[in-house]
Structure formats: C-alpha cells, structure tokens
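Just so you know, these numbers use all the heavy atoms, side chains as well, and skip hydrogens, waters and symmetry mates.
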Amino acid sequence: MDILVNLQAFLATADAAGFSAAARKLGVSTSVVAKRVTQLEARIGTPLFHRSTRQLRLTDAGQRYVHRARGVVTDATDLLSRMGEKGHDLVDHLRIKAPTSLTVARLADAFSAFQTQNPRLKLEIVLIDRPVDPVAEGFDIAIGAFPHSFGGVVDEPLCALKRLLCASPAYLKKHGTPKHPRDLVEHRCLSFLPTGPEWIFDGPRGRINIQVSPLLSSNEGHVLARSAIAGNGIALMSHYLVADALREGTLKPVLRDFPIPELWVKAAIPERRRNAAAVQALLTLLKTSLASSL
C-alpha cells in the first residue's frame, strides 16, 4: 500500500504543480506529501520533480512515467473498490472532462443525480472546451462533440446535438434576413469559439462552408444566447440552449432551408476503463438524461 499512496502523492503533485495544493487535495499535510514523493524517488532511483523555491516541475523521468502511474493507480483503485463493494454500491473515483455550456445547462444535474444514487462514489469534474485525449491527460471519461479520436480510447456515442442559426426579431427587422449562407458575410455574427468561425451548412447541392467575421466569440453558449436575444447579431447555437427563447419568440430561426449538420456528443473512454462498473453506470445515466433533454 505504501507504493500506491506514494504514487497517488506523485500524481496529485504533478496535477497541482506543488506539494501544498496536492496536500489539500489529498487531505494530508504538505510534509506528508513531500515525504511520500521522496520515498517514491528513492525507490525508483531517480528524481521525478525539479524543485526550486519558485516552482515544482516534472523531470524527464516524471513526464515519462506520469501517465503510466495514473493507469496503475486507477487499476489498483478499481480492484480495491470491487473487492470492497457491498451489495450493488459503486465505489470508485471518476475523473471526468466535460464541456462548459453543456455541463452548466444539462450535465450538472445528471452528475448530481448520479452521485446521489452512488454516495460512495467520488467525482472530479473538469470543464474543458477542446479535444482531450483521456489517456494522456488522465481522465476516465472525456465528454465532447469534437470528431477527434485517440489511440487506446473507445468512443461511446451519447446523443445527437442539433444546431441552428437564430437571431432576435429586432435584429432581423433592422439588418434584414439572410436568404443564403453567403449573405452572412454582411451580417453581425456571434460565434462559438470551440467550433470556430467557419460555419457549415447542408445546401440542395451539397455542403456550403462560410467563413464569418464574428462580432462576438465565446466558449460559453449562454453568453452567445443572451447576446442574440439582445439583438446583437446572428448566432450559431445548440438547440437546447435557445429552445425556450424560440418558443417565446425572443429568437427566430434563420436560414431554415440550409440546415447545419448535427454533431454527436460522445464519451471517450480509455480502453482499460471501459468495463469499470462506475463508468458503465454513468454512461447509461447520461444517455437517458441527454436523450430526453437535448
């Protein structure tokens, strides 16, 4: 068990870039964390961190071993959890990457319900709006809608993500309604940073790609929705973020004859974690929750 706790101290220190922050995360004193890392370095015969009064950073050996160490700790923790399970209780620690807007609007409730159902489960949820390799960055599940795939990772589809262009009635009255995607270059556009300013449409003769010059760019969809409702421009939005505004008439669909291709929300899972009971239980809940809310 000393090796396991020392590896946990090493990983916490690497993630936090300091002994004090790692100690707070682990619930022990700073000196305990430093001692455990020193014991591990003595055991393997090489330093894992460059230490200075200003910073703590991984050595080449530390960078080389950090991902393998994470896998060892995850596997050992999963094994110990399974051995200690009582009845159908789930005992695990899941590190989850999730997109900001989707989490704030929908996933936060799902995560809360999941933890209520499984009170012995620990969740670490990190909001990131870029493609993430869960193996390289130490996640058990990486949720997103990017098309990227990674080696040693299984992609589990969760649900389709419908998108559309929309604007306020006031904006359309003042600036006119575009008839074709190419008209957007003359309009004030509000763009979602993670997907970028190249907007793609399905036209009667195939795909149409338009490069817009955004008046506003943000990685948080609620910011774009509020700006669109205020009349600041035409926004490319996920439907779930503006469904209420569309029903209330504060936003109107634009270019309905040129639909925007759906994205698929998926969970990227390291192969070694795909059959973990907690991972499978969370995937089941997410599919049910997202299917009814998106």
Side-chain angles (χ1 to χ4, degrees), residues 96-114 125-134 139 141-150 153-167 181 184 189-203 207-210 212 214 216-229 233-247 251-269 279 282-294:
I96 302 163
K97 172 266 175 188
T100 303
S101 298
L102 185 59
T103 301
V104 172
R106 296 290 186 272
L107 294 180
D109 289 340
F111 291 143
S112 297
F114 185 62
I125 301 166
V126 183
L127 305 187
I128 301 175
D129 294 304
R130 59 172 172 80
V132 165
D133 179 349
F139 288 98
I141 301 175
I143 301 168
F146 295 101
H148 301 71
S149 294
F150 302 96
V153 174
V154 178
D155 290 336
E156 186 75 28
L158 297 178
C159 71
L161 185 63
K162 182 181 177 182
R163 300 182 298 159
L164 77 161
L165 283 191
C166 56
L184 292 169
C189 295
L190 315 176
S191 181
F192 187 52
L193 273 173
T195 51
E198 183 179 33
W199 292 2
I200 301 173
F201 301 84
D202 283 331
R207 287 283 168 94
I208 301 171
N209 294 49
I210 300 295
V212 301
L216 170 67
S217 298
S218 176
N219 69 330
E220 216 298 302
H222 294 88
V223 173
L224 299 176
R226 294 289 182 87
S227 187
I229 291 169
I234 298 175
L236 194 165
M237 300 294 303
S238 296
H239 185 273
Y240 73 91
L241 285 170
V242 294
D244 289 343
L246 292 170
R247 282 193 296 269
L251 287 176
K252 298 290 186 183
V254 175
L255 293 176
R256 301 180 76 167
D257 291 336
F258 296 88
I260 296 169
E262 289 182 343
L263 296 176
W264 268 89
V265 179
K266 65 179 182 178
I269 308 155
V279 169
L282 179 56
L283 289 177
T284 298
L285 183 143
L286 290 177
K287 289 178 181 178
T288 302
S289 174
L290 292 177
S292 61
S293 62
L294 295 188

With heavy-atom distances below 4.5 Å as the criterion, would you say the side chains of Ile96 and Val126 are in contact? no
To the closest 0.5 Å, what do you measure between SG (Cys166) and CG (Leu236)? 8.5 Å
Taking only residues two or more places apart in sequence or in another chain, which ones pass side chain to side chain contact (heavy atoms under 4.5 Å, CB included) with Asp202? Arg207, Pro259, Pro261
If the plane angle is over 60° it's perpendicular, under 30° parallel, otherwise tilted; pick one for Phe150 and His148. parallel
Sorted by first residue and then second, give each side-chain hydrogen bond (donor to acceptor under 3.5 Å, both in side chains) pair with at least one member in residues 97-114; sequence neighbours left out. Thr100-Asp129, Ser101-Glu220
For residues Leu246 and Leu164, determine if any side-chain heavy atom of one lies less than 4.5 Å from a side-chain heavy atom of the other. yes
Do the non-hydrogen side-chain atoms of Trp199 and Cys189 ever get within less than 4.5 Å of each other? yes
Inter-residue atom distance Ser218.OG - Leu190.CG, 0.5 Å rounding: 10.0 Å
Sequence-distant partners of Arg226, side chain to side chain donor-acceptor pair (under 3.5 Å), two or more places apart: none
How many angstroms lie between atom CZ of Phe192 and atom OG of Ser238, to the nearest 0.5 angstrom? 6.5 Å
Quick check for you: to the nearest 0.5 Å, what is the distance between Glu156 atom CD and Thr284 atom OG1? 8.5 Å
Residue list, ring pair (Phe, Tyr, Trp, His ring centres under 6.0 Å) with Phe201, at least two apart or on another chain: none
Kindly indicate whether the side chain of Ile229, heavy atoms from C-beta on, has any atom under 4.5 Å from the side chain of Val242. no
Partners meeting side chain to side chain donor-acceptor pair (under 3.5 Å) with Lys252 (sequence neighbours left out): none
Are Ile128 and Pro99 packed together at the side-chain level, in the sense that at least one heavy-atom pair is separated by less than 4.5 angstrom? no
Please tell me if the side chains of Leu224 and Leu241 come closer than 4.5 Å, counting only heavy atoms from C-beta onward. no
Grab the two heavy atoms, one from Leu158 and one from Trp264, that are nearest each other, plus how far apart they are. C-CZ3, 4.3 Å
Please list, chain by chain and in numerical order, all residues satisfying side chain to side chain donor-acceptor pair (under 3.5 Å) with Ser191, sequence neighbours excluded. none
Is there a side-chain contact between Pro194 and Phe146 in this structure, where contact means two heavy atoms from C-beta onward sitting under 4.5 Å apart? yes
For the residue pair Tyr240 and Leu161, establish whether any side-chain heavy-atom pair is separated by less than 4.5 Å. yes
